[in-house]
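Here is the naming used below: chain letters follow the sequence lines, and residue numbers restart at 1 for every chain.
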2 protein chains.
Amino acid sequence: MEQSDAATRPRNGDRKAPPTIYDIARLTGVSPSTVSRALNKPGRLNAQTERRIRDAAAELGYRINPMARALPTGKTGTLGLLVSDITNPAYFDLVRAAERVASETGMTIVFADSQESPELERATAERLQTSVDGLLLVGSRLEDHQIQDLSSVKPLVVVNRLVEGIPAVIPDVRPGITTALERLREAGHRRIAYLAGPEASWMNGQRWQHAFEIAVQWDMSIVEIKSNAPTREGGAEAFGRVKAADVSAVLAYNDLVALGLLRECRDHGLDVPGRLSIIGFDDIFGADLPTPALTTIRMPLALAGERGIRRLLIEIDGGASENEAALPTVFVDRESIGPAA
Amino acid sequence: MEQSDAATRPRNGDRKAPPTIYDIARLTGVSPSTVSRALNKPGRLNAQTERRIRDAAAELGYRINPMARALPTGKTGTLGLLVSDITNPAYFDLVRAAERVASETGMTIVFADSQESPELERATAERLQTSVDGLLLVGSRLEDHQIQDLSSVKPLVVVNRLVEGIPAVIPDVRPGITTALERLREAGHRRIAYLAGPEASWMNGQRWQHAFEIAVQWDMSIVEIKSNAPTREGGAEAFGRVKAADVSAVLAYNDLVALGLLRECRDHGLDVPGRLSIIGFDDIFGADLPTPALTTIRMPLALAGERGIRRLLIEIDGGASENEAALPTVFVDRESIGPAA
DNA sequence: ATAGCGCTGGCAATCGGTTGACGACTCACG
DNA sequence: CGTGAGTCGTCAACCGATTGCCAGCGCTAT
């Protein structure tokens with residue numbers, strides 16, 4: 001592999017310091033405070049002076065130093081985004097949407113992943129808090145009081161989680177689950193299983209609870225099957241228990257475990273959807289790839305990311321909290337469900 | 001959906017200012033500068049004084065204010081990560097590895113996505129540069145001179161790209177492509193196609209160039225087929241042109257286009273690998289999901305992310321640049337190639 | 001003529017740390 | 001007992017912006 005020549009590459013010492021408002025002030029013969037006003041209090045100054053200063057700033061290629069501004073104002077222009085597991089494709093769209101909204105409003109996203117570890121999540125959250133204006137916690141595995149503590153330091157919004165006293169953006173899983181169970185019922189399924197996610201996940205609780213209620217209401221039997229991890233491996237590993245449960249359909253915590261289970265079924269020659277129907281959750285990238293393509297319940301995660309950031313911005317401004325319309329989930333029927341065996 | 005009660009939620013005014021070194025100084029009866037030294041120059045002070053100060057700091061729950069530190073030192077403790085498209089699963093592992101290494105060394109990652117737009121990439125890079133110690137550009141779509149300009153402002157490392165005078169981390173595509181074409185040749189393929197990626201992508205050039213050289217060397221014919229976008233849609237859209245090209249195998253720019261093409265073949269009843277063999281690039285999440293599972297060339301992207309950040313840290317320290325061992329790609333044989341029709 | 005006002009722009013303090021220079025103090029040694 | 005070498009902690013300047021307060025100016029209204 002070719003290597004760049006150290007002699008021609010700019011070393012740290014070579015880089016010239018970027019221009020400051022003092023440079024502009026000197027160039028235009030005004031004081032630094034006037035420059036500051038010209039740049040961020042339009043109208044406060046004489047129009048000509050302002051023009052002159054702006055031109056000089058443009059000419060020098062001036063860019064404000066966010067650190068220097070942060071000191072007196074206390075605003076860093078930065079938002080923290082903390083997700084439980086970045087390698088879960090479910091978060092891709094959320095992250096991107098969040099990043100887009102943030103940069104549209106001139107904010108910068110600092111980003112971290114807690115790798116499903118509550119310890120790491122707490123430590124990271126605390127570290128980030130010193131340098132951001134607010135924090136967006138997605139799929140937090142912390143306990144309620146820990147989240148409340150964090151919220152007493154800096155504005156904070158949670159996504160996929162409900163905590164007393166904390167602003168939240170939460171998709172409503174009910175419509176998706178209702179439709180899904182309706183379809184299963186129409187197809188003759190009477191015994192189904194819920195393949196669970198992490199216990200620390202609030203969203204897992206929601207999914208189980210609603211599936212349970214609806215199943216009971218419709219006279220279907222439902223059992224909860226544990227999984228080791230909310231990943232494809234976790235789903236594959238649960239195969240034996242699913243088989244032993246003697247159910248005709250499985251609703252999985254998320255698409256990752258559904259995909260893992262689906263693959264394991266294929267490898268063991270268990271026909272899906274002939275012998276077993278499988279429904280996932282999230283509608284992640286790749287859910288439509290296998291044969292049969294995965295039937296799933298789509299979470300509006302890009303929207304959740306956008307709403308989360310907007311909500312956080314309002315929170316930072318000290319704005320009033322308004323009730324939000326719920327973000328509905330939708331059932332996406334593909335190929336992994338069929339008539340009960 | 002339940003809504004949190006605005007009255008009980010901490011509003012901005014409620015939050016108390018975090019402790020500063022001045023608070024610690026007052027508490028322990030020393031001067032602020034002594035506190036500063038106690039905290040970052042271990043050994044510079046009397047052991048007892050240092051102890052007393054550290055204890056007081058711990059008791060107050062002191063956390064350093066990164067902005068305040070950044071001002072005199074010029075070091076923000078932050079690294080910028082700019083990828084061409086965050087929704088490409090290829091980058092997930094890279095991003096996560098980068099984040100992990102960064103936080104191990106106490107750095108924070110600020111993260112942005114340029115959505116395949118050079119304009120946006122440049123603007124974002126410039127904006128980030130004011131608040132980071134260095135920038136990692138992954139799969140940049142900028143022109144060489146633009147990258148060089150950026151590099152003259154702050155330390156910068158590129159991944160998946162080679163630019164004169166700029167430190168780079170680059171997987172070596174040769175081994176993977178060589179093995180792949182070897183297999184195709186053994187399987188009797190003589191006419192193959194390269195389904196191309198974005199012209200602004202240096203990596204696309206590499207892949208084409210090496211595939212071309214090796215094909216020529218082995219007396220296989222090879223044609224380049226354009227695609228609209230490096231996505232599944234782009235791959236699907238190229239189906240007609242692939243069919244018209246009368247080749248028995250396709251090497252795709254990346255797994256996304258390979259997957260798109262594969263799906264389109266299935267939908268049109270073109271047997272893969274019976275009538276057409278397909279090889280992807282990257283080995284992204286989901287490549288093993290379809291039937292047939294996608295044969296591909298794996299890029300060591302997590303490793304690239306890690307190396308990229310380490311290299312950047314060295315660059316920031318003004319350290320000497322050392323030649324790096326190349327990161328080899330490996331051929332992952334799954335189910336999408338077979339004997340030539 | 002003068003008080004009063006709005007418009008402009010400067011002064012200086014401030015945010016929270018970092019760091020070079022320096023003085024006070026201790027101690028050993030000749 | 002005087003001196004030189006360390007050791008320890010303080011002083012004060014500084015990083016780059018923001019902002020409350022004030023002064024000078026020209027103008028109008030009384």
Side-chain angles (χ1 to χ4, degrees), chain A residues 12 15-54 56-57 60-78 106 129-133 153-154, chain B residues 12 15-54 56-57 60-78 106 129-133 153-154:
Chain A
N12 257 349
R15 307 184 216 264
K16 59 201 165 318
T20 72
I21 58 169
Y22 292 84
D23 297 323
I24 303 178
R26 205 170 320 113
L27 191 62
T28 53
V30 299
S31 90
S33 47
T34 303
V35 176
S36 173
R37 290 200 176 89
L39 265 22
N40 35 71
K41 303 268 188 322
R44 170 71 170 74
L45 260 43
N46 180 305
Q48 292 191 11
T49 320
E50 189 177 320
R51 193 65 269 132
R52 236 173 62 234
I53 296 177
R54 296 200 112 95
L60 289 174
Y62 172 75
R63 315 204 88 87
I64 198 166
N65 178 332
M67 308 296 152
R69 163 179 276 176
L71 210 36
T73 62
K75 313 266 85 192
T76 64
T78 297
Q129 278 197 321
T130 64
S131 42
V132 302
D133 292 339
V153 176
K154 283 271 175 74
Chain B
N12 256 349
R15 308 183 213 263
K16 57 200 168 313
T20 71
I21 58 169
Y22 291 84
D23 298 323
I24 303 177
R26 204 170 321 114
L27 191 64
T28 54
V30 298
S31 89
S33 47
T34 305
V35 176
S36 173
R37 291 207 168 84
L39 266 21
N40 346 281
K41 305 266 176 354
R44 168 70 169 75
L45 260 42
N46 179 307
Q48 292 190 11
T49 319
E50 189 177 320
R51 192 64 271 130
R52 237 173 60 235
I53 294 176
R54 296 200 111 95
L60 289 174
Y62 172 76
R63 316 203 87 88
I64 197 166
N65 178 330
M67 308 296 151
R69 164 179 274 177
L71 209 36
T73 61
K75 313 266 84 189
T76 65
T78 296
Q129 277 196 321
T130 64
S131 43
V132 301
D133 292 340
V153 175
K154 283 272 176 72

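With the nearest nucleotide of DNA chain D identified for both B:V35 and A:P19, B:V35 has the one nearer the 5' end.
Looking at heavy-atom distances under 4.0 Å, B:T34 makes contact with a base.
One distance of note links OG1 of B:T49 with CZ of B:R52; it measures 5.5 Å at 0.5 Å rounding. Here A:R69 contributes atom CZ and A:I64 contributes atom CD1; the two are 3.5 Å apart, rounded to the nearest 0.5 Å.
For B:R51 and D:dC8, the CZ to P distance is 16 Å, given to the nearest whole Å.
Of all nucleotides in DNA chain C, those with any atom nearer than 4.0 Å to a heavy atom of chain B start and finish, going 5' to 3', at C:dG16 to C:dA21.
Evaluated for a side-chain contact (heavy atoms from CB on, under 4.5 Å) with B:I53, the options B:I21, B:V30, B:L27 yield exactly one hit, B:V30.
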Report task. Evaluate side-chain contact (heavy atoms from CB on, under 4.5 Å) for B:T20 paired with B:N65, printing each intermediate quantity in order. Result -> CA-CA 8 Å; B:T20 71; B:N65 178 330; over 6 Å; no

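A rotation axis mapping the C1' atoms of four pairs onto the next four is fitted at both ends of the helix from C:dA1-D:dT30 to C:dG30-D:dC1 over five pairs, and the angle between these axes is 60° to 10 degrees.
A heavy atom closer than 4.0 Å to some atom of DNA chain C occurs in A:R37, A:R44, A:L45, A:N46, A:T49, these being the qualifying members of residues 36-49 of chain A. Non-hydrogen atoms lying under 4.0 Å from DNA chain C are contributed by B:Y62, B:I64, B:N65, B:A68, B:R69, B:L71, all within residues 62-71 of chain B. Of all the residues in residues 21-33 of chain B, B:I21, B:Y22, B:S33 reach under 4.0 Å from DNA chain C with at least one non-hydrogen atom.
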Output side-chain donor-acceptor pairs under 3.5 Å for residues 33-42 of chain A, partner residues at least two apart or in another chain, one line each.
{"unit_1": "A:S33", "atom_1": "OG", "unit_2": "A:S31", "atom_2": "OG", "d": "2.8"}
{"unit_1": "A:T34", "atom_1": "OG1", "unit_2": "A:S31", "atom_2": "OG", "d": "3.4"}

